[in-house]
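Only one structure is covered here, and it is reproduced in the block below.
All residue numbers refer to positions in the sequence shown, counting from 1. It should be emphasised that the depicted structure is a prediction, and the values quoted were computed from it without experimental measurement.
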Amino acid sequence: MGIIQKQSIRSTFIIMFGFALGAFNILLLAPQILTAEQLGLTRMITDIGLTMATFCTFGSLPVIYKFFPFYQSYLPAKKNDLPFVTLVICLLGFTLMLIIGHFLKPVIIRKYSTQSKLFVDYYYLVYPFCLFMLLYMWMECFAWSFKKTVLSNTIKETTHRLIFVVLMVLFATGLINLTQLLWIFSFAYLPAVLLLLWSLRRSEGFALVPHISSVTRRMKGRMANFGLFLFGAQFLNLLSKTSDTMIIAAKTENGLAGAAVFTIATYVVTLMEIPQRSITSISIPILSESWRNKDMANINHIYNKSVTNLLVVGLIMFSLTLLNSHNFEASLSGDYKGIGTVIFFMGIGKLIDLGTGANAQIIGTSSYWKTDFIFNAVYTSLAIPLNYILISHYGLIGAAYSSLLSLTFFNLMRFSFLWYKFKQQPYTWKHLLVIMLALVCGLIAYALPEMHLQMQLPKVVRRAPDVCVRSLVFLALFIPGLYYFRISDEINGLLKKYTGMAFGWIKR
């Protein structure tokens with residue numbers, strides 16, 4: 001087994017563990033210990049800090065990924081100035097962000113003092129969070145360049161989440177107060193920075209060289225064009241995803257409490273992205289090779305298969321989420337009332353995103369890759385004002401409407417481009433059939449009477465039978481139907497391989 005395959009497998013398990021730990025923190029632990037307003041504040045610090053950190057890079061991170069191999073080839077480690085140059089750019093960006101933040105302080109107070117006063121009291125904590133997130137993002141690029149992917153993923157996915165668990169325990173037991181909790185939270189990426197720095201310092205190819213090399217002088221224009229272009233696309237995409245939290249905290253009646261509801265709903269819907277990340281990452285090298293060979297038939301085949309498989313998995317996860325949203329809402333406090341409706345509309349938007357398959361990867365690996373930047377720019381230009389208008393008029397549910405409308409339009413642009421430019425249209429009658437199958441199976445499972453334990457137990461435990469029965473009934477109906485109608489050859493092959501004769505009785 002090659003090093004890439006080994007590290008990919010290990011990284012996948014680490015990411016899954018980190019995601020499960022994050023789900024435990026956000027969905028189970030934090031709502032039981034923090035008030036909705038306090039949880040919303042941690043989300044505000046995270047989203048604003050991440051957005052600011054990405055802005056501070058000024059496109060230097062894509063440059064590291066792209067050009068560091070050139071530096072390694074043409075310069076010895078003691079003359080490789082790329083780490084120093086990119087660090088200076090990041091720190092200059094952070095300094096500029098501090099200056100901008102100072103002048104924006106009156107605006108922050110004016111916009112948030114009514115609905116989210118707690119954020120006004122602690123908004124300065126976004127700066128240490130931003131700094132350590134920025135330093136980690138910078139070092140992570142070099143860790144990947146040195147093939148330290150397993151280590152960097154382990155640190156990134158587990159360190160700050162484990163710190164959050166410790167903080168919850170300390171806060172719940174009264175050993176720290178809210179101010180201490182938030183200060184430590186804002187420094188949560190410091191241990192990750194120190195661990196990764198220690199690892200990189202042990203690498204012979206990593207050093208801070210404060211002298212401009214001949215490679216930098218020769219390639220500076222090319223690097224600047226490449227970095228700023230990709231930086232624009234990445235920053236716009238991130239801004240469209242984080243702006244809703246900021247607008248909710250400023251414009252909704254519940255302020256930070258509304259941001260907490262949206263945070264949990266977003267995390268639940270994000271569970272649907274797990275198969276998308278896996279399938280799309282696998283498809284990129286194959287698509288690149290197909291474009292190079294002008295193999296349009298294989299590209300269309302990948303497009304069709306990605307639509308089918310992601311739609312099937314998305315329907316399963318969306319249906320299970322929707323069937324149990326009432327149990328999830330009931331297990332939370334009254335501050336989270338209405339979260340089921342938010343999850344419903346956001347889930348439909350994510351299902352549409354999944355159901356359009358690897359459209360982004362097909363465009364991104366083609367000669368029209370710059371088109372995706374334009375689509376991201378249009379998407380952001382639509383999403384942010386739409387967020388503001390709908391949240392202002394409809395409150396928290398307006399954010400869900402905005403997410404649904406923006407994702408639908410975003411994917412419609414990509415779908416239309418591929419259809420117009422390459423005559424690619426991946427949908428068949430089977431896609432409509434699997435949607436109808438999921439709808440029928442979901443209605444049957446939904447019609448079941450509620451089943452709760454009556455003993456004096458936590459709400460989550462009392463509702464476990466209802467969750468299990470509804471989920472099992474849906475799966476027991478949907479999966480055999482999926483197999484019978486042969487929606488996906490790959491899924492049918494997996495069912496045969498891992499269930500043996502369990503599906504042998506199903507004939508068509």
Quick one: does His393's side chain have a donor or acceptor within less than 3.5 Å of a partner on Ile389's backbone? yes
Can you tell me if OH on Tyr394 sees more than 12 non-hydrogen neighbours from other groups inside 6.0 Å? no
How many angstroms lie between CG in Leu41 and CG in Leu34, if you round to the nearest 0.5 Å? 9.5 Å
Side-chain (Ser60) to main-chain (Thr57) donor-acceptor, under 3.5 angstrom: yes
Could you tell me whether the side chain of Val165 reaches within less than 4.5 Å of the side chain of Leu21, counting heavy atoms only? yes
Here the pair of heavy atoms bringing Asn327 nearest to Val467 is ND2-CG2, 3.6 Å
CG of Leu190 to CD1 of Ile163: how many Å apart, nearest 0.5 Å? 8.0 Å
Restricting to non-hydrogen atoms, name the atom on Pro31 and the atom on Leu39 that form the minimum distance, rounded to 0.1 Å. CG-CD2, 4.5 Å
Contact between Ile362 and Gln424 at the side-chain level, heavy atoms closer than 4.5 Å - yes or no? yes
Could you work out, with side-chain contact (heavy atoms from CB on, under 4.5 Å) as the rule, every residue matching Leu125, not counting sequence neighbours? Ile45, Tyr122, Leu182, Trp183, Ser186
Provide the closest heavy-atom pair for Met346 versus Ala265 in the form atom of the first, atom of the second, distance. SD-CB, 4.2 Å
Is it the case that the ring center of Phe422 lies less than 6.0 angstrom away from the ring center of Tyr368? yes
Does the Asp81 side chain pair with the main chain of Ser213, one donor and one acceptor, at a distance under 3.5 Å? yes
Check the pair Leu396 / Val342 against side-chain contact (heavy atoms from CB on, under 4.5 Å), numbers first and verdict last. CA-CA 8 Å; Leu396 184 60; Val342 177; 4.1 Å; yes
Just list the side-chain donor-acceptor pairs under 3.5 Å for residues 243-251, sequence neighbours left out, or say none.
unit_1: Ser243; atom_1: OG; unit_2: Leu239; atom_2: O; d: 3.3
unit_1: Thr245; atom_1: OG1; unit_2: Asp47; atom_2: OD2; d: 2.8
unit_1: Lys251; atom_1: NZ; unit_2: Tyr388; atom_2: OH; d: 3.4

Using modelled atom types and a 3.5 Å cut-off, is there a donor and acceptor pairing between side-chain atoms of Ser306 and backbone atoms of Ala358? yes
How many angstroms lie between atom CZ of Arg43 and atom OG1 of Thr46, to the nearest 0.5 angstrom? 7.0 Å
How long is the gap from OH on Tyr267 to CD1 on Ile343, to the nearest 0.5 Å? 14.0 Å
Flag the pair Gln180 / Leu170 as yes when at least one side-chain heavy-atom distance between them is below 4.5 Å, and no otherwise. no
Within the 4.5 Å heavy-atom criterion, are Leu131 and Tyr189 side-chain neighbours or not? no
Reported CG-to-OG distance for the pair Asn387 and Ser406, which is rounded to 0.5 angstrom: 6.5 Å
Leu196 and Leu135, any side-chain heavy atoms less than 4.5 Å apart: no
Report yes if some heavy atom in the side chain of Ile26 is under 4.5 Å from a heavy atom in the side chain of Ile264; otherwise report no. yes
Got a donor-acceptor contact below 3.5 angstrom from the Gln38 side chain to the Thr35 backbone? yes
Please report the closest heavy-atom contact between Lys350 and Leu407, naming both atoms and the distance. N-CD1, 4.1 Å
Carefully, step by step, assess Leu181 and Met168 under the rule side-chain contact (heavy atoms from CB on, under 4.5 Å). CA-CA 8 Å; Leu181 182 150; Met168 290 299 98; 3.7 Å; yes
Is the backbone of Ile212 close enough, under 3.5 Å, to the side chain of Arg217 for a donor and an acceptor to pair up by distance? yes
Heavy-atom distance under 4.5 Å between the side chains of Val378 and Phe409, does that happen here? yes
Rounded to the nearest 0.5 Å, what's the gap from CG on Leu322 to CG on Leu315? Could you check? 11.5 Å
Among pairs that include at least one residue of residues 103-117, which meet salt bridge (Lys or Arg N to Asp or Glu O under 4.0 Å), considering only residues two or more places apart or in two chains? Lys117-Asp121
Give the table of side-chain donor-acceptor pairs shorter than 3.5 Å for residues 84-97, with sequence neighbours excluded, one pair per line with atom names and distance.
unit_1: Thr86; atom_1: OG1; unit_2: Leu82; atom_2: O; d: 2.7
unit_1: Thr86; atom_1: OG1; unit_2: Pro83; atom_2: O; d: 3.1
unit_1: Thr86; atom_1: OG1; unit_2: Trp138; atom_2: NE1; d: 2.9
unit_1: Thr95; atom_1: OG1; unit_2: Leu91; atom_2: O; d: 2.9

Please answer whether the main-chain N or O of Ala259 pairs with a side-chain N or O of Thr263 as donor and acceptor at a distance below 3.5 Å. yes
Heavy-atom pair with the smallest gap, counting every atom of Ser402 and Ala383: OG-O, 3.7 Å
With sequence neighbours left out, what residues match Glu140 under salt bridge (Lys or Arg N to Asp or Glu O under 4.0 Å)? Lys156
Where do Ala192 and Thr159 come nearest, in terms of heavy atoms and distance? N-CG2, 4.1 Å
Go through it in stages, so that I can follow the logic: the residues are Leu61 and Ile64, the test is side-chain contact (heavy atoms from CB on, under 4.5 Å), and I'd like the CA-CA distance, side-chain angles, deciding distance and then a yes or no. CA-CA 5 Å; Leu61 304 191; Ile64 296 171; 4.2 Å; yes
Between Phe318 and Phe344, how do the two ring planes meet: parallel, tilted or perpendicular, split at 30° and 60°? tilted
Evaluate the side-chain proximity of Ile176 to Leu167: yes if any heavy-atom separation is below 4.5 Å, no if none is. yes
Sequence neighbours excluded, which residues qualify as side-chain contact (heavy atoms from CB on, under 4.5 Å) partners of Ile363? Thr371, Asp372, Phe375, Arg414, Phe417, Leu418
Mind telling me whether Tyr123 and Tyr127 have parallel, tilted or perpendicular rings, with 30° and 60° as the class edges? perpendicular
Report the C-alpha separation of Thr321 and Val269 in whole Å, then their side-chain angles, then the decisive distance to 0.1 Å, and conclude whether the side-chain contact (heavy atoms from CB on, under 4.5 Å) test is met. CA-CA 8 Å; Thr321 300; Val269 173; over 6 Å; no
